[in-house]
J.: 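Before we start, here is the structure in question, set down as structure tokens.
Quick caveat, the model's predicted, so the values are computed rather than measured. For the numbers below, each heavy atom of this structure counts, side chains included, while hydrogens, waters and symmetry mates do not.
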Amino acid sequence: MYALVEFKGKQYKAEKGAILKVDRIDAEPGSAVDIDSVLLVANGTSEVTVGAPYVKGVKVSAVVESHGKDAKIIVFKYMPKKDYRRKQGHRQQYSIIKIEDIIGA
């Protein structure tokens, strides 16, 4: 069984026991997170429930495992022959969550 969930503007495939890397959550490691915006639930290969836009009565429970930062990327903008150079770095913060169960499916 799996569910497609929308979390912080992005969509993820959530299965029981799966590890997801999502944008940073303001929660301590070990705390529980419930995701109510379930777009689709599939029980095996035959039964699929699609929401309009969300499936009612279904939620995904997860636990925050840890937090971290991605590798640095360099944002470099320039205009040739105009003496315009801008260099900026960025490290995206993320949280690792573990899917515990799909409730109500």
Side-chain angles (χ1 to χ4, degrees):
M1 174 175 21
Y2 69 91
L4 295 179
V5 297
E6 182 181 3
F7 190 67
K8 297 190 90 173
K10 297 179 183 177
Q11 295 178 9
Y12 301 96
K13 182 179 179 181
E15 293 179 295
K16 187 174 181 178
I19 304 291
L20 298 179
K21 183 177 178 181
V22 298
D23 287 339
R24 177 87 181 209
I25 303 170
D26 290 332
E28 294 295 320
S31 61
V33 175
D34 286 335
I35 304 170
D36 296 327
S37 54
V38 178
L39 301 170
L40 179 139
V41 176
N43 294 334
T45 58
S46 60
E47 188 179 337
V48 175
T49 305
V50 180
Y54 304 120
V55 179
K56 292 182 181 176
V58 178
K59 68 178 181 177
V60 175
S61 64
V63 173
V64 177
E65 295 285 314
S66 64
H67 301 294
K69 284 184 174 184
D70 267 341
K72 180 175 270 195
I73 62 167
I74 303 298
V75 180
F76 186 72
K77 299 190 272 188
Y78 78 101
M79 292 177 68
K81 302 179 208 152
K82 300 294 181 188
D83 194 30
Y84 176 79
R85 308 280 189 269
R86 299 292 181 267
K87 182 178 179 181
Q88 181 179 8
H90 176 74
R91 292 185 71 184
Q92 184 68 37
Q93 295 187 358
Y94 63 86
S95 296
I96 300 291
I97 62 173
K98 182 177 182 181
I99 305 299
E100 292 293 317
D101 197 14
I102 300 172
I103 302 169

J.: Over all heavy atoms of both residues, which pair between Val64 and Ala27 is shortest? Give the atoms and the distance, please.
T.: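 It is CG2-CB, 4.1 Å.
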J.: Any chance you could measure Ser31, atom OG, to Glu65, atom CD, to the nearest 0.5 Å?
T.: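 Here the interatomic distance stands at 10.5 Å.
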J.: Listed by chain and number, what are the side chain to side chain donor-acceptor pair (under 3.5 Å) partners of Ser37, not counting sequence neighbours?
T.: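 With sequence neighbours excluded, Ser37 shows a side chain to side chain donor-acceptor pair (under 3.5 Å) to no residue whatsoever.
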J.: Can you establish whether the number of heavy atoms outside Phe76 located under 6.0 Å from its atom CZ is more than 12?
T.: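 Check passes, neighbour count above 12.
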J.: Of Val33, Ile35, Ile97, which meets side-chain contact (heavy atoms from CB on, under 4.5 Å) against Val22?
T.: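 Considering Val33, Ile35, Ile97, a side-chain contact (heavy atoms from CB on, under 4.5 Å) with Val22 is found only for Ile97.
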J.: Kindly check if the number of other-residue, nucleotide or ligand heavy atoms within 6.0 Å of NZ (Lys8) is above 12?
T.: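 Yes - once you tally the heavy atoms of other residues, nucleotides and ligands closer than 6.0 Å, there are more than 12.
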J.: Taking all heavy atoms of Leu20 and all of Lys13, pick out the closest pair and write down the distance.
T.: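 Minimum heavy-atom contact is CD2-O, 3.7 Å.
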J.: Can you list, pair by pair, the side-chain donor-acceptor contacts under 3.5 Å of residues 81-91, counting residues two or more places apart and other chains?
T.:
from, atom 1, to, atom 2, distance (Å)
Arg85, NH1, Met79, O, 3.3
His90, NE2, Gln92, OE1, 3.1
Arg91, NE, Asp70, O, 3.0

J.: Can you name the nearest heavy-atom pair linking Lys21 to Tyr12, along with the distance?
T.: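 Reported closest heavy-atom pair: O-CE2, 3.8 Å.
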J.: Using side chain to side chain contact (heavy atoms under 4.5 Å, CB included) as the criterion, list what pairs up with Ala18, not counting sequence neighbours.
T.: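 Side chain to side chain contact (heavy atoms under 4.5 Å, CB included) check on Ala18 returns Glu15, Ile99.
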J.: Is there any salt bridge (charged side-chain N to carboxylate O under 4.0 Å, His left out) pair reaching into residues 39-51, and which pairs are they, with sequence neighbours excluded?
T.: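 Salt bridge (charged side-chain N to carboxylate O under 4.0 Å, His left out) check on residues 39-51 returns no pairs.
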J.: Looking only at heavy atoms, what is the nearest atom pair of Ala3 and Val60, with distance?
T.: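 Heavy atoms of Ala3 and Val60 come nearest at CB-CG2, 4.3 Å.
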J.: Of all residues at least two apart in sequence or in a different chain, which pass the side chain to side chain donor-acceptor pair (under 3.5 Å) check with Glu6?
T.: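 Side chain to side chain donor-acceptor pair (under 3.5 Å) check on Glu6 returns Tyr54.
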J.: When hydrophobic residues are tied together by side-chain contacts of less than 4.5 Å, even through go-betweens, does Val5 share a cluster with Met1?
T.: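 In one cluster: yes.
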J.: Using the rule that Ile, Leu, Val, Met, Phe, Trp and Tyr join whenever any side-chain heavy atoms are under 4.5 Å apart, tell me whether Ile103 and Val63 fall into a single cluster.
T.: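 No.
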J.: Could you list the residues that satisfy salt bridge (charged side-chain N to carboxylate O under 4.0 Å, His left out) with Asp23, not counting sequence neighbours?
T.: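 Per chain and number, Asp23 pairs via salt bridge (charged side-chain N to carboxylate O under 4.0 Å, His left out) with Lys10.
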J.: Return each pair, listed once, that meets salt bridge (charged side-chain N to carboxylate O under 4.0 Å, His left out) where at least one residue sits in residues 30-41; pairs must be two or more places apart or across chains.
T.: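 Residue pairs with at least one partner in residues 30-41: Asp34-Lys59.
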J.: Closest heavy-atom contact between Gly104 and Val58?
T.: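 The answer is O-CG2, 3.5 Å.
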J.: Side-chain contact, heavy-atom cut-off 4.5 Å: Arg24 with His67?
T.: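 Arg24 reaches His67 side chain to side chain.
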J.: List in chain and number order the residues that pass salt bridge (charged side-chain N to carboxylate O under 4.0 Å, His left out) with Asp26, two or more places apart in sequence or in another chain; answer none if no residue qualifies.
T.: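 Asp26 satisfies salt bridge (charged side-chain N to carboxylate O under 4.0 Å, His left out) with no other residue.
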